[in-house]
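Letters go in sequence order (proteins before strands), and every chain restarts at 1. All values below were derived from every heavy atom in this structure, side-chain atoms included, with hydrogens, water molecules and symmetry-related copies excluded.
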Number of protein chains: 2
Amino acid sequence: MSLNTALISVDIVAFRLVKGRLNVLARRIQADGNKPEWMLPAGKIDPVRDQSLDDTAYRQLELLTNKKPGYIEQVVTLGDSQRDSRGWSLTIVYYALIDSSDSEQLAPSAQWLPSDAEALKGQLAYDHSRLVQQALDRLKSKIQYSSLPVYLLPEHFTLSDIHGVFSAVLDKAPPMRSIRNRFLQGDLLIDTGRLKRGSNRPAALYKVNQDSEAWLFDRLYISTR
Amino acid sequence: MSLNTALISVDIVAFRLVKGRLNVLARRIQADGNKPEWMLPAGKIDPVRDQSLDDTAYRQLELLTNKKPGYIEQVVTLGDSQRDSRGWSLTIVYYALIDSSDSEQLAPSAQWLPSDAEALKGQLAYDHSRLVQQALDRLKSKIQYSSLPVYLLPEHFTLSDIHGVFSAVLDKAPPMRSIRNRFLQGDLLIDTGRLKRGSNRPAALYKVNQDSEAWLFDRLYISTR
DNA sequence: GTAATAGTGTCTGTGAGACACTATGCC
DNA sequence: GGCATAGTGTCTCACAGACACTATTAC
């Protein structure tokens, strides 16, 4: 049996908005020569500390970010004989959405990299740019019929901020009218009563209603396809 | 490290319509005393024969059905320290849709069991009834916005047969009018020109357009929620 | 006041659902 | 012919999208 536990890992694609752009969390690795110098947060299952795979994902991620992400979801498990030269390998891929609050305590070895597909290909080791692509595909799909956008925003945000999430993830966004209608229906958001003041008319600041889980709508936005 | 490869398995929840009811494929195990006597098709990765996890799933399933299923999809990977008394275990769960053609060559140890949740709890060993539930949840959800129903039908089928799939899976179905509008749009189905004759007006027989993959629609049926 | 962004009113389009209707087979 | 199931016509409803409109702030 050439499959051993050294080749089982949980890899996390953590997304975050940095200056309005979608970024991916990466960890520096010892660069030897021309090799790419980054990898995704990843690690082995700790049979003692981890009660479940979700625990493994949370633990790996928190090692770098020092806080619990607002949303994680398993994407897929990949296993094949090609990806690792040592033989059969098994990778459970997660993605995580990190809220873009100001305070952040990243580990020194960690850094946010723009999620641009081409750039990542040159920067990420192993087949990690492919894992990012798969996680991104899922995010791009799910953002269109769920409340996921709010998990990329800070605690308090405006409806325009949601528009910004769509732009960052999909490079296009539904009209504000549609975002408004969708996100203000139900008990999804709570109006904090506070306003975001800028150079123009202030916008209402909302926060997530913690009573409600990530919500699934029953239609896709069409303008984003 | 108490996690070893003996505890990695690929488990398949294969669905099929038997006399209009949703069934799940099970394999007989040596019953010792009062224990349940069935388990899901499952097995280990064969690092030599399997190029990928999908291969493992296909191989395990074909051992029992002797034919390739029309549709498989990975549901989730479960890992925790509770499910197997020997320690940490990892299970990659797939579901498969088997077309309900007449000819079938089941292995002697295999049998179709009604997918009724309560009944399965008493019949399936380990936590397999929970795996069925998770696969069924996915199927119930996805059937509402995809062309999956056709993968549970024989090669030639009528639009009423699709209605029957919804009834079997969800215990309710969209109106025929809606099924018609949805499934006859695009190039999803091909009218074979043949008719299914019964005691009443014959129905047009359709087949799947092999050019088109499993199709995703952009709205859920509402009557099925 | 003007500029700029927030937010509303309302019309159109699409597809699900309701339901009455017609069509075509078996007996 | 009657009956049963197949299939159509068409109205309503819900929600995405388009777009003109009003509202509220900074300056």
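Shown for residues 168-189 of chain A: residues whose heavy atoms fall under 4.0 angstrom of DNA chain D, namely P174(A), P175(A), R177(A), S178(A), R182(A).
Side-chain N or O atoms of N181(B) include none that pairs as donor or acceptor with a backbone N or O of S178(B) at under 3.5 Å. Not a single donor-acceptor pair under 3.5 Å links the side chain of D127(B) to the backbone N or O of R83(B).
Between Y145(B) and Y145(A), the ring planes are tilted. Angles from 30° to 60° get that label. Aromatic ring orientation, Y71(B) versus Y151(B): tilted (interplanar angle from 30° to 60°).
Following rounding to the nearest Å, R197(B) (CZ) and dA6(D) (C1') show an atom-to-atom distance of 13 Å. Regarding D161(B), its CG atom lies at a distance of 14 Å from the P atom of dT5(D), rounded to whole Å. To the nearest angstrom, C1' of dG17(D) lies 8 Å from CD1 of I222(A). A straight line from CZ of R225(B) to P of dA14(D) spans 12 Å, rounded to a whole angstrom.
In 5' to 3' order, the nucleotides of DNA chain C bounding all contacts with chain B (an atom under 4.0 Å from a heavy atom) are dT14(C) to dC26(C).
Applying the side chain to side chain contact (heavy atoms under 4.5 Å, CB included) test between Y206(B) and each of I162(B), L159(B), I190(B) identifies L159(B) as the sole match.
Under the ring pair (Phe, Tyr, Trp, His ring centres under 6.0 Å) criterion, Y126(B) pairs with H128(B), sequence neighbours left out.
The cationic group of R182(A) lies under 6.0 Å from the six-membered ring centre of F217(A) and within 45° of the ring axis, placing it in a cation-pi geometry.
A donor and an acceptor atom sit less than 3.5 Å apart, one in the side chain of R201(A) and one in the base of dA23(D).
Remark on DNA chain C: of its neighbouring residues L195(A) and P202(B), the 5'-side contact belongs to L195(A), judged by nearest-heavy-atom nucleotide.
A donor and an acceptor atom, one from each side chain of S101(B) and D99(B), are located under 3.5 Å apart.
Residue S160(B) is in sugar-phosphate contact alone, with no base atom involved, counting any heavy-atom pair closer than 4.0 Å across all strands shown.
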